[in-house]
Amino acid sequence: RSEPDHGQNRETVERLGHGPCGPYRSGRRKGRPRPCYNPLRLSSGCNKDSSLPETPPRLHVLVARAAPRAVVIRRGPSRYASTYLWDLRDDSLQTGQCLRARIYERRCDLSPNGDYLIYFAYNDRWWSETRGSWTAISLAPYVKALTLYAAGGTWGGGGVFVDNKSYRLNDRFPIGHDLLFDRSDLVCVGRGLPPSRWGDASLAVYFTRLARDGWRLNASLSHEHIQVFEKPWRKDMALRKYCHRGKGPRPGGLFTDSHALISSGDEVAAFDLWEWADIVGDRLAWAEGGRIYATASSGFDPRAPKSAA
């Protein structure tokens with residue numbers, strides 16, 4: 001029986017030219033090539049009900065603490081991720097790489113100088129060397145691993161940078177990482193993320209990052225399914241982040257965020273569609289509908305945004 005013609009997919013994927021998105025991967029049965037299906041077709045309305053509304057890509061941003069740089073993680077379609085370098089000085093974007101895997105953005109971190117990225121990814125290939133999931137350290141904004149750990153599951157994974165030269169892994173006993181290779185000059189100073197106040201292995205990295213980067217937990221508003229963090233902005237204003245955990249009426253998966261602006265402790269505006277938001281320099285920046293926005297440096301009104309990307 002003749003094989004289907006994947007020529008169109010091969011041409012498109014080769015044009016993307018990003019490492020792990022090569023046009024073919026060997027399937028489980030020897031001699032049967034597996035096409036790397038064109039992500040542009042999957043997101044453009046082909047092969048799905050055209051009457052359904054378009055789903056914009058999901059964006060998450062990692063901001064360097066000591067440099068005007070950030071890494072944007074773009075998810076979409078669901079089995080693909082891509083990375084970009086955001087230069088905060090002029091709001092320009094540099095393309096990183098595409099990865100045929102799910103990057104768990106809440107388990108990622110960027111070094112203080114913005115040079116290194118640590119990320120956790122999953123591709124469901126349990127027979128591979130990484131056993132289906134891995135934690136890697138790469139040169140930002142790329143995903144090619146300098147240091148690679150096989151994880152073999154989704155319990156734990158990822159890590160946080162202690163400084164520009166060291167990091168901690170998000171290990172959860174008895175499941176841990178197996179080092180496959182290390183070609184960087186970075187040092188792993190520990191496994192596990194003390195203190196264990198955050199509990200959930202999926203959010204340990206994310207909540208540790210928030211607390212480290214100036215977000216304050218509002219314990220009076222937090223409960224089992226929502227953790228509330230606040231970050232001061234200007235004068236008496238602050239940005240409030242609601243971290244939703246668990247399946248419910250909110251679209252977007254098991255872990256989602258929504259945001260609000262508060263003044264003197266009271267909400268003045270709620271933004272349920274902001275999937276990421278932070279105070280970047282003296283500006284308020286957020287992601288919504290597949291785009292990144294930022295307020296003008298002299299303005300307070302987020303309803304009059306400047307499109308950053």
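Residues: numbered from 1 along the sequence shown.
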Ignoring hydrogens and angles, state whether a donor on the side chain of Asp266 or Ser264 is under 3.5 Å from an acceptor on the partner side chain.
no
Arg79 CZ to Tyr122 OH distance, which is reported to the nearest 0.5 Å:
7.5 Å
Side-chain donor-acceptor contact under 3.5 Å, Ser133 with Thr154:
no
For Tyr84, the option from Ile73, Ile292, Thr95 that meets side chain to side chain contact (heavy atoms under 4.5 Å, CB included):
Thr95
Side chains of Leu273 and Trp286, heavy atoms from C-beta outward: is any pair under 4.5 Å?
no
Check this for me, if you would: do Arg89 and Asp87 make a salt bridge, where the nitrogen-to-carboxylate-oxygen distance has to be below 4.0 angstrom?
yes
Leu139 vs Tyr116, test: side chain to side chain contact (heavy atoms under 4.5 Å, CB included). Steps then yes/no.
CA-CA 5 Å; Leu139 288 174; Tyr116 292 100; 3.6 Å; yes
Phe229 ring center within less than 6.0 Å of Phe207 ring center
yes
OG of Ser111 to NZ of Lys165, rounded to nearest 0.5 Å, is 9.5 Å
Short side-chain donor-acceptor distance under 3.5 Å, Trp274 and Asp257:
no
Side chains of Lys241 and Val228, heavy atoms from C-beta outward: is any pair under 4.5 Å?
no
Looking at Asp178 and Arg131, is any side-chain nitrogen of the basic one under 4.0 Å from a carboxylate oxygen of the acidic one?
yes
Angle class for the Phe120/Tyr104 ring planes (parallel below 30°, perpendicular above 60°, tilted otherwise)?
tilted
Using 0.5 Å steps for rounding, measure from the CE atom of Met237 to the CD atom of Glu230.
12.5 Å
Would you name the heavy atoms of Val205 and Gly159 that are closest together and state the gap between them?
CG1-O, 3.5 Å
Salt bridge (charged side-chain N to carboxylate O under 4.0 Å, His left out) with Arg69: which of Asp115, Asp90, Asp91?
Asp115
Do Glu105 and Arg75 sit within salt-bridge range, that is, some charged N less than 4.0 Å from a carboxylate O?
no
Starting at CG of Asn170, measure out to SG of Cys108 and round the result to the nearest 0.5 Å.
11.0 Å
Sub-3.5 Å donor-acceptor pair from the side chain of Arg234 to the main-chain atoms of Arg283, do we have one?
no
Distance-minimising heavy-atom pair for Ala238 and Pro232:
CB-CA, 4.0 Å
Salt bridge check: are Asp109 and Arg212 linked by an N-O gap of less than 4.0 Å?
yes
Check Glu275 against Gly290 and note the closest heavy-atom contact, atom names and distance.
OE2-N, 4.3 Å
Nearest 0.5 Å, what's the CG-NE2 distance between Asp278 and His60?
9.0 Å
Note, Leu186 side chain near Tyr167 side chain (heavy atom, < 4.5 Å):
yes
Could you tell me if the side chain of Ile137 sits less than 4.5 Å from the side chain of Leu117, heavy atoms only?
no
Counting only heavy atoms not in Glu129, do more than 12 sit closer than 6.0 Å to its CD atom?
no
Would a 4.5 Å heavy-atom cut-off, applied to side chains only, mark Thr83 and Arg74 as touching?
no
Atom CZ in Arg245, atom NE2 in His225: separation rounded to 0.5 Å?
8.5 Å
Which heavy atom of Ala101 sits nearest to which heavy atom of Ala121, and what is that distance?
CB-CB, 4.4 Å
Should His259 and Arg240 count as side-chain neighbours, where that means a heavy-atom distance under 4.5 Å?
no
Looking at side-chain heavy atoms only, is the closest gap between Leu62 and Trp86 below 4.5 Å?
no
Do we see a donor-acceptor contact under 3.5 Å between the side chains of His177 and Thr135?
yes
